[in-house]
Number of protein chains: 2
Amino acid sequence: MYAPSTRPVVLDPHGAANACTHCDARAHSVCNAVPDSDVARLAAIAVVTTAQPGTTLIQEGDPASHFVNISAGTVRMYKLLPDGRRQITGFAGVGHFLGLAVSSTYAFSAEAIDTVRYCRFSRARLHTLLDDYPAMEKRLLEIASTELVAAQDQMLLLGRKTARERLASFLMLQSRQGVMCQSPRGRFVLPMSRGDIADYLGLTIETVSRTITKLRSEGYIDVPSATEIAIKAPAALEGLALGNA
Amino acid sequence: MYAPSTRPVVLDPHGAANACTHCDARAHSVCNAVPDSDVARLAAIAVVTTAQPGTTLIQEGDPASHFVNISAGTVRMYKLLPDGRRQITGFAGVGHFLGLAVSSTYAFSAEAIDTVRYCRFSRARLHTLLDDYPAMEKRLLEIASTELVAAQDQMLLLGRKTARERLASFLMLQSRQGVMCQSPRGRFVLPMSRGDIADYLGLTIETVSRTITKLRSEGYIDVPSATEIAIKAPAALEGLALGNA
DNA sequence: CGGGGGCATTGATCTGGATCAAGGCGCGGG
DNA sequence: CCCGCGCCTTGATCCAGATCAATGCCCCCG
């Protein structure tokens, strides 16, 4: 699905400063709170890593020792019940920041969906940086607030929307996030499986599949392949997402 | 249900500094990031207000001009769909802080459930204070992170738990939050109606009512009156909340 | 003390989405 | 090129919780 990256998997340690300066994710991320001139300090504490699909980056309950910043690929964040039921609380793409936690342990797990490149920062070291760059702390608060708003939207979806409305909401959200890197207008790739979508929307795989088929047969969307979606009627789909029959 | 407050509804402006120093909520709140010696600065920008049951404190979509800090009573935060379906995203009690928002408008509404006393801070003025008290900014980040964790738990509840598990989770949560001010062990008051509980748990009033009746007949809880609950088997109820049949 | 309005409970029935059960299809490996 | 394994789709049936419908009960107000 993804062409293998042309970048080396393990970066030359001497080139680490460049890794941050040229990082694709920097513009979208916490890191832009650090001025160019000081980016070496950031690079010095960052460890760049690549994770294969299915690999766990963060495990719920583990000591929250690191922050993670995604620079390529997509991650699923989720929580499990003891019997294995799973709720995906969000998908994190390029620029996303994981690992905010007050408690000493992570409150959720995170797994690579496709091949993911990311930076790990020790929590302790980043905190010392934070004291020197108050803008970075402000940025973290902004990030947390944005996620809180998204979480509230998701609660509305999970508590009160029908399967049809959930899929419409999800597809609109993905199109907003994914469209920038895709050529044809309104078309995008879904990196996650039907099972992931189901666990994100609080539905079953079968309901997700059936509902997508229905939306296609009604002309709201095109589904050129299982992992590609094109939105044909964005306004109408947005209406559906908000409950207009 | 609540004895009328012995405090005056409108505080003497000259006593405002005392209002913060002696505030019941201060210990639980952002305000404790400001040292006692400087609490007058906080008091100077706070407006203490009382809201009657049902009053709107914050309206989704309005310009986010203020922060709010609850010092007595309980507030419901919620989002609506255009057709009136409501999802309550949380209940805020003493010490809770409302109004974090990146965007310029509020992402949710907030209404008083019972009589609520609260402080309003202008966002602009609080931001200038924030620059002088970095500890306060850290505290806000902590608050946002804590709420994010709660939101993730709620997504798991809404997406993957049964009605029975939702009620068990809710009652355990309320008992943790409410028990401190109540005399008999494990007993507490629910300030919100069955309709509020339903809209918080993504259920209907009828299902909430039936499920509470069932939990009572099975000996998990006592329901001395519609607004009072006593948990008789906390460990078993906690098990239920996590899906142990 | 009696009447009425709003919330809560309880009962009967219905249904959206879950569950159970086959196939289809694209892709990687031999 | 073909086979087999994982997803995905589609179909048939089931059921938890929604909806529809009384009735009960508390509390306020006259």
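Throughout, a chain's letter reflects where its sequence line sits, starting with A, and its residues are numbered from 1. Predicted model, so just to flag it, every value in this text is computed and none were measured.
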Looking at side-chain heavy atoms only, is the closest gap between Lys232(B) and Leu237(B) below 4.5 Å? no
When rounded to whole Å, the CG to P distance for the pair Asp196(A) and dG6(D) reads 17 Å
Rounded to whole Å, the CG-C1' distance (Leu158(A) to dG16(C)) equals 16 Å
Can you confirm whether the side chains of Gln59(B) and Thr56(B) place a donor and an acceptor under 3.5 Å from each other?
no
field: Under 3.5 Å: donor-acceptor pair, side chain of Gln154(A), backbone of Gln152(B)
entry: no
Review point. Going by modelled atom types, is there a donor-acceptor pair between the base of dT10(D) and the side chain of Arg194(A) at under 3.5 Å?
Key: no
Rounded to whole Å, NZ of Lys161(B) lies from C1' of dG17(C) at a distance of 21 Å
Whole-Å distance, Leu201(B) CG to dA18(D) C1', equals 15 Å
For this session: Using atom types as modelled and distance alone, determine if a side-chain donor or acceptor of Arg120(B) lies under 3.5 Å from a backbone N or O of Val68(B).
Result: no
Taking OP1 and OP2 of dT9(C), is either one under 4.0 Å from a side-chain nitrogen or oxygen of Ser209(B)? yes
Regarding the side chain of Glu206(B), the nearest nucleotide among dA18(C), dC8(D), dT10(C) is dT10(C)
Taken to the nearest whole Å, NZ/Lys214(A) to C1'/dT9(D) is 16 Å
| said: Any carboxylate oxygen within less than 4.0 angstrom of a Lys/Arg side-chain nitrogen, looking at Lys214(A) and Glu218(A)? | reply: yes
Practice prompt. Assign Ile212(A) to base, sugar-phosphate, or nothing according to its heavy-atom contacts below 4.0 angstrom with the strands shown.
Written response: nothing
(Q) With a cut-off of less than 4.0 Å, is there a side-chain N or O of Thr213(B) near OP1 or OP2 of dT10(C)? (A) yes
note: Leu190(B), atom CG; dA8(C), atom P; distance rounded to Å ~ 10 Å
_Heavy atoms only, 4.0 Å cut-off, all strands: where does Thr204(B) land among base, sugar-phosphate and nothing?_
base
Here the distance between atom C1' of dC7(C) and atom CD1 of Ile197(B), to the nearest Å, is 12 Å
Taken to the nearest whole Å, CD1/Ile205(B) to C1'/dA18(D) is 12 Å
Check whether the side chain of Arg210(B) and the base of dG11(C) form a donor-acceptor pair under 3.5 Å. yes
Notebook entry, point to check: With a 4.0 Å cut-off on heavy atoms, is Ser193(A) in touch with a base, just the backbone sugar-phosphate, or nothing at all?
Noted result: sugar-phosphate
